[in-house]
Structures are given as C-alpha cells and as structure tokens.
Amino acid sequence: MEYEYIVGLKKHPAWRLLNADSAPLIISFFHRVFTRENRRTVPSEEMTARLEDTLFHLRRVLGESAYPRSAKAYLDEWSSGEAGYLRKFYPARGEEEVYDLTPASEKVIAWLSTFAPTQFVGTESRLLTIFRLLREMVKEAMVDPEAEIRRLEAEKSRIETELADLKAGHFAPSDRTRIRERFLEARETAHRLLFDFRQIEENFRHLDRQTREKIAVSDASKGQLLDDIFGEQDAINGSDQGKSFRAFWQYIMSPVSQEELETLLTQVLALPEIEDLDEGDRLGRIRFQLIDAGERVNQTCAQLVEQLRKYLDDQAWLENRRIMEIIRKIEKKAVQVRETVPPESDFAHLTHVKPDIGLPMARGLFQPSARITVDDRVEMGSGHMETDILYRQQVVDEKILRQRIRSMLKGHSQTTLARICEQYPVEKGMSEILAYLHLACKDDNAMVNSDVSVPIFYRDQNGRTLKAIMPEVIFVR
Amino acid sequence: MNTLDDNRAADTSTPPLPNLGPVVIRLMKGVVYRDEQETTWQDLMLLQSQVRDYVQVIGLTLVLDETDGYAYLHQGDSDADGETLPRLMQRRPLSYPVSLLCVLLRKKLVEADVGGEEPRVVLTRDQMADMMRVFLKDQPNEARIVDRIDTYINKVAELGFLRRFKKDTGTFEVRRILKSLVDATWLIQLDEKLEAYLSHAAAD
C-alpha cells in the first residue's frame with residue numbers, strides 16, 4: 001500500500017461512491033435492490049419505481065427538500081461514465097434496459113457490511129479451513145511420497161479408532177456452537193462466491209477490451225497481425241480466470257456433485273441447531289443461484305468470444321476500415337452541400353428485399369360503407385343478464401405463456417418462473433402468474449418447489465409495483 | 001459442456017424435412033429474422049440448398065447471415081448464363097437525407113463492432129436527430145427540422161433498417177441487415193453521386 005497507490009485509488013469509483021454526498025441513499029438503495037434480494041440484474045422500470053418509492057419515503061422523513069431530483073435523473077447520473085456505480089445495458093433480448101451493479105459498488109457494499117456486528121466470529125472453522133487447504137496443496141503437489149504414505153497411515157489409524165468407538169457405542173454429542181460456526185462460514189463463503197461472479201464477468205470483459213486495444217494500436221503487417229489476433233483468440237478461455245471458471249462450471253454442472261450438494265443442503269438445513277440462522281432460506285437457494293450466475297458468465301463469455309471472432313474476421317476488419325474511409329469522405333461532402341441539399345427524391349437507390357408482386361384485379365371493388373344509425377333513446381324495462389362476463393375481462397392466453405417458457409428454454413436448459421416474469425413482465429396480474437403455476441402442474445418437465453418461496457414483481461393497472469410470494473417453479477427443457 | 005443436449009441429439013434419427021412452400025413465401029414477403037420468426041428460421045436452416053435451387057430459377061439468390069440471424073432474397077444483375085432477366089425486385093428511390101441517415105447508421109454499426117461491449121445498437125430519435133442536424137441546413141424553426149428528421153427516420157424504419165421498440169416509440173434498434181445492403185459498393189456509388197452533384201453546383 002504505497003502512498004501513490006492510495007492517491008491513484010481516489011479516482012476509483014468505489015472511493016468516489018463512499019465520498020459522494022448521497023452515498024447513504026445510493027448504498028442503502030443498492031443493497032436493498034441487489035444484495036438483499038440476491039439479484040444480478042434489475043429492469044430499468046422496476047429500478048425507477050423502487051427508487052421513486054425510496055425517495056418519497058426519505059422526503060417524508062427528512063423534509064421535502066431532501067434529494068430534489070427525480071429517480072430517473074439519479075439513475076442516469078449513477079450509471080453515467082463518470083460515476084460508474086451502475087452498468088446499464090440492453091440484454092441480448094427484449095426491449096427494456098437493465099441495471100447491474102459494477103464490481104466497485106459491489107465492493108463498497110461488501111466492505112460496509114463487514115462493519116455490522118456479527119453474532120460471533122468463527123475462528124476454529126476458519127483455522128481448520130486453512131489446515132485443509134494446506135493439506136490439499138501438499139497432496140496435489142505430491143512433495144514427498146514417503147511423507148504422504150505416513151500421513152495416510154496416520155489417517156487410517158485415526159479412522160480405525162473412530163470406527164471402533166462407534167461400534168462400541170460411544171459417540172460424542174454434537175456441539176451446537178461448532179455446527180453454527182460452520183454453517184455461518186459456509187453461508188458467507190457461498191455468498192461471497194455468488195457476488196464474485198460480477199467481478200469475474202468484469203474480468204472477462206476487461207480481457208476482451210485489452211485484446212481489442214492491442215489489435216487497434218498494432219501497426220504490424222497484416223500477416224503478423226492476423227497471427228497475433230488468432231493467438232489472442234484463446235486469450236479469454238486460456239487465462240487463469242477462464243480456466244478456473246471452467247473447472248467450477250464443470251463441477252457444479254455434473255449430476256453427481258449436484259446431487260451431493262442437494263443432499264447435503266437438505267440434511268444441513270434440517271439440523272435443529274441452525275433453525276434460527278437461515279433467514280429467508282438463503283443457503284438453500286444457493287445451488288440454483290450459483291448455476292444461474294455461472295450461466296450468465298458463460299453467456300457473457302460466449303458473447304464476447306463471438307464478437308471478438310467477428311471483429312477478428314479479417315474480411316470484416318478490412319471492410320470496416322474501408323467503409324469508415326468512404327463514410328468519412330461522404331461526410332465531408334455532405335457538410336459542403338449543407339446549404340444546398342440535393343432536392344431529388346431519388347438521389348440514391350436501394351434494391352428492395354422482396355419482390356413487388358401486385359395483382360390489381362385481386363383487390364376488392366369499392367363498397368360504400370354502411371351507414372350506422374344510432375337510436376339513443378333509453379327505455380325502462382326488465383330483463384335478466386349474465387353479469388359474470390363483466391368479471392371475466394382478464395383472459396390469460398396459455399398458448400402465449402407456453403411460448404414464452406419455450407423461448408426462455410432455448411437459451412438455457414432450465415429456467416424459473418421468476419426469470420420468465422423478469423423477461424416478460426406480467427401483464428394480467430395475479431391470474432397470469434397463477435396460469436404459469438397451472439401450466440407447471442400439468443407439465444412433466446416442470447417442478448413446483450413449495451419449500452422455497454420467491455418474490456415476483458408485477459404492476460397493476462395503476463402502475464404500482466406489487467409483490468407476489470410464490471413457490472419456486474422451475475421449468476426444464 | 002451441455003451433456004443433456006448431446007444425448008438428445010444422438011437419440012433422434014434424421015427428422016423429415018419441413019415444407020419448402022411456407023419458407024419461400026416468407027422470404028418473398030421480406031426479410032426473415034431469427035429472433036422474430038424462429039420456426040421459419042429453423043426450417044430455412046434445414047432447407048437452405050432447396051431454397052437456393054428454387055429461387056435461382058427466377059434469378060434470385062439467398063443471402064443468409066447466420067451470425068446476425070437474417071436472410072433475404074437478392075436479385076443480381078444477370079443470372080449464371082449471362083442472360084438478363086426482367087427485374088423482379090424493384091429498386092427503391094431514396095432521397096438525399098434518407099440515404100445520408102443510412103450512411104450515418106452504418107457508421108454507428110462499425111463503431112459498435114470496433115468498440116465491442118454492446119452487441120446491439122440502440123438509438124433514440126433525439127440521438128439520430130443530433131447526428132443528422134450537422135448535415136442539414138439551419139432553420140429558425142427548430143421544431144420543423146425535428147419533424148423532418150422524423151419523416152426520414154420513419155422512411156428508414158420502413159426500409160427495415162430500424163426497428164421501433166414497442167414500449168417506447170422514441171427508441172430504435174439498428175438492424176444488422178443494414179450492413180449487407182449498405183455495403184462498400186453502395187457507399188462508393190453514393191460518394192460518386194455526391195461528387196458529381198458538388199462539381200455541378202460549382203459549375204453553376
């Protein structure tokens with residue numbers, strides 16, 4: 001931590017965020033929207049609505065003059081290049097922009113949350129973790145086969161004593177504190193892992209940027225450049241980050257480890273010792289969240305490699321350069337004709353992309369429109385009618401819902417109801433959500449897990465955001 | 001990586017080919033986009049060579065971009081035997097400002113390719129108006145310029161190069177098909193035309 005390093009850090013978005021006048025607003029809001037709900041991205045409309053609510057509440061408490069700008073203005077500022085607290089982008093599909101925390105804001109939130117007093121600091125379990133890691137390292141590196149044999153022998157005799165004890169009917173009662181300590185550590189590690197995915201994604205993006213910059217500034221010959229370029233293509237996948245991530249992904253996606261994780265989680269969560277510790281079943285959902293987060297990184301990575309490939313395609317690269325040259329020429333001339341813009345309506349031509357086949361005789365003849373006479377006299381009478389129809393205005397088309405599920409499953413091998421509703425905002429309120437549930441019950445490839453509840457946000461006709469607590473619904477391809 | 005899919009692919013024997021008719025008709029009706037007509041797109045992927053053979057008879061070629069996900073029919077100047085067929089695809093006239101807007105949008109696509117990061121190019125009406133304003137005559141009536149730029153934008157959207165977002169009518173996505181129609185040859189022609197116009201104006 002040199003003096004200069006710290007001075008340099010003052011430009012870091014995390015430092016600026018801590019220094020910002022409205023830091024309490026920003027950080028508490030981000031924490032509530034992203035961290036507490038474990039969300040990766042939030043659609044811009046939801047984000048604006050929730051910030052609006054927060055601002056309204058704050059103004060009531062602090063007075064009308066507090067935070068005078070609109071939610072949209074704040075969000076724009078926070079996601080602008082200078083601030084860099086939020087990343088705003090269009091997802092690969094859909095028309096709504098989404099927000100994601102930048103790794104810098106993530107760090108700030110993580111650091112600030114360490115200030116909160118914890119129940120107790122688990123020292124033993126962490127010490128054991130260190131021992132375990134060291135042991136694994138020695139084992140992996142296989143420094144000395146002799147020593148390894150000695151170690152295994154010692155282990156064997158320890159296990160034998162343990163076995164003998166158990167057979168003889170002695171077992172030590174479980175230690176409540178030790179179990180609680182381990183549980184807290186497991187949960188913390190799991191969450192840290194989940195949040196690190198943001199950094200991982202950022203790292204991949206950084207690698208991509210570096211490669212592009214290298215190509216852009218290179219003045220090597222074409223052959224040399226192409227060599228460099230294709231060498232770089234593996235840069236993303238071959239980096240330490242890429243390798244480590246791939247190993248993680250293979251491990252979590254293997255059915256064996258998934259099953260093991262699930263069994264372990266079920267057993268642990270059923271322990272009486274930790275009943276009061278797992279608020280909101282946060283560890284229980286970690287399996288799906290990890291897969292989810294991993295899939296996002298995978299997608300980003302695939303997207304980056306694909307874009308890079310496109311960019312590297314030498315034809316595209318040369319064509320892009322040539323096109324930019326011509327465009328610059330055109331622009332120069334366009335400025336010259338600015339005052340006397342060519343008036344013709346057929347200055348240029350473009351070939352149409354479909355044949356124009358016109359069949360004049362196929363058109364209908366003119367038909368005078370029938371005049372409608374309105375008789376607006378109202379007479380009193382009596383009659384019987386179905387009033388049900390007035391209440392059945394909301395028709396949910398299951399076909400559309402099924403299509404949505406299908407299209408979500410195109411990109412992923414499984415998806416959840418919450419994610420479907422994120423991608424395709426609920427339009428018909430509760431009845432639409434229930435229709436999904438109905439579909440899931442009928443579908444063999446879907447499961448409804450009533451042990452886990454998930455909040456689903458939707459808007460009613462007045463534009464208010466409502467939250468429905470639903471069982472977790474998973475659709476599988 | 002995805003073992004589930006691999007297994008499934010191994011299980012299925014080759015499925016019967018879909019019908020050629022609907023695919024060709026869709027192409028005759030305009031550009032087929034992967035993200036909009038997914039079933040047609042899948043059928044097209046299976047029937048590619050059949051479609052090519054079919055449309056070749058009437059002098060059309062199939063232009064297909066798998067990375068960007070679009071396909072359309074194109075009429076070259078003459079067929080393989082050098083015999084000129086009557087024109088089936090009409091050439092659409094573009095006014096000067098509309099062609100200029102196409103050029104500027106093409107530039108945005110190149111910039112997005114080079115800059116990386118975002119795979120999609122999304123522009124608002126105001127951003128496009130700012131892009132255009134530099135090249136249009138100043139007018140005291142600001143609102144009129146914006147109105148006129150609006151008509152240019154509509155025209156380009158009608159050509160299929162801009163897709164209007166449904167939820168927000170002021171936001172557009174630049175479709176990648178622009179890349180294959182507004183190509184280097186077209187741009188050179190436009191540049192020459194402008195050159196001719198400039199020297200003509202100078203001679204007056």
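Heavy atoms only: backbone and side chains are in, while hydrogens, waters and symmetry mates are out. Convention: sequence-line order gives letters A, B, ...; per-chain numbering from 1.
- To the nearest 0.5 Å, atoms CD (B:Gln127) and CZ (B:Arg125) are separated by 12.5 Å.
- Heavy-atom distances place both the backbone and the side chain of B:Leu194 under 4.5 Å from chain A.
- We find that B:Glu66 and B:Arg34 are not joined by a salt bridge, their nearest charged nitrogen and carboxylate oxygen being 4.0 Å or further apart.
- If you measure heavy-atom distances from B:Glu195 to chain A, the contacts under 4.5 Å come from both the backbone and the side chain.
- In the model, A:Tyr424 has a side-chain atom that pairs as donor or acceptor with a side-chain atom of A:Ser407 under 3.5 Å.
- Proximity to chain A is absent for every atom of B:Arg26, based on heavy atoms less than 4.5 angstrom apart.
- Options B:Leu136, B:Leu27, B:Leu190, B:Leu60 differ in how many heavy-atom pairs under 4.5 Å they form with chain A, and the most are formed by B:Leu136.
- If you measure heavy-atom distances from A:Gln403 to chain B, you find no contacts under 4.5 Å at all.
- A:Lys72 has a carboxylate O that lies under 4.0 Å from a charged side-chain N of A:Asp76, or vice versa, which qualifies the two as a salt bridge.
- Seen from the ring of B:Tyr33, B:Arg175 counts as a face-on cation partner, given the 6.0 Å and 45° thresholds.
- Both the backbone and the side chain of B:Phe135 come within contact range of chain A, with heavy atoms under 4.5 Å apart.
- Comparing A:Leu350, A:Ile323, A:Val335 by how many heavy-atom pairs each has under 4.5 Å with chain B, the most go to A:Leu350.
- Only the backbone of B:Lys29 comes within less than 4.5 Å of a heavy atom of chain A; no side-chain atom from C-beta onward does.
- A salt bridge does not link A:Lys329 with B:Glu192: every distance from a Lys NZ or Arg NE/NH1/NH2 to an Asp or Glu carboxylate oxygen is 4.0 Å or more.
- In terms of heavy-atom pairs under 4.5 Å with chain A, the best-connected choice from B:Leu159, B:Leu181, B:Val182 is B:Leu181.
- With a 4.5 Å cut-off on non-hydrogen atoms, A:Glu325 does not touch chain B at all.
- Only the side chain of B:Arg163 comes within contact range of chain A, with at least one heavy atom under 4.5 Å from a heavy atom of that chain.
- Under the 4.0 Å criterion applied to side-chain N and carboxylate O atoms, B:Arg144 and B:Asp147 are not assigned as salt-bridge partners.
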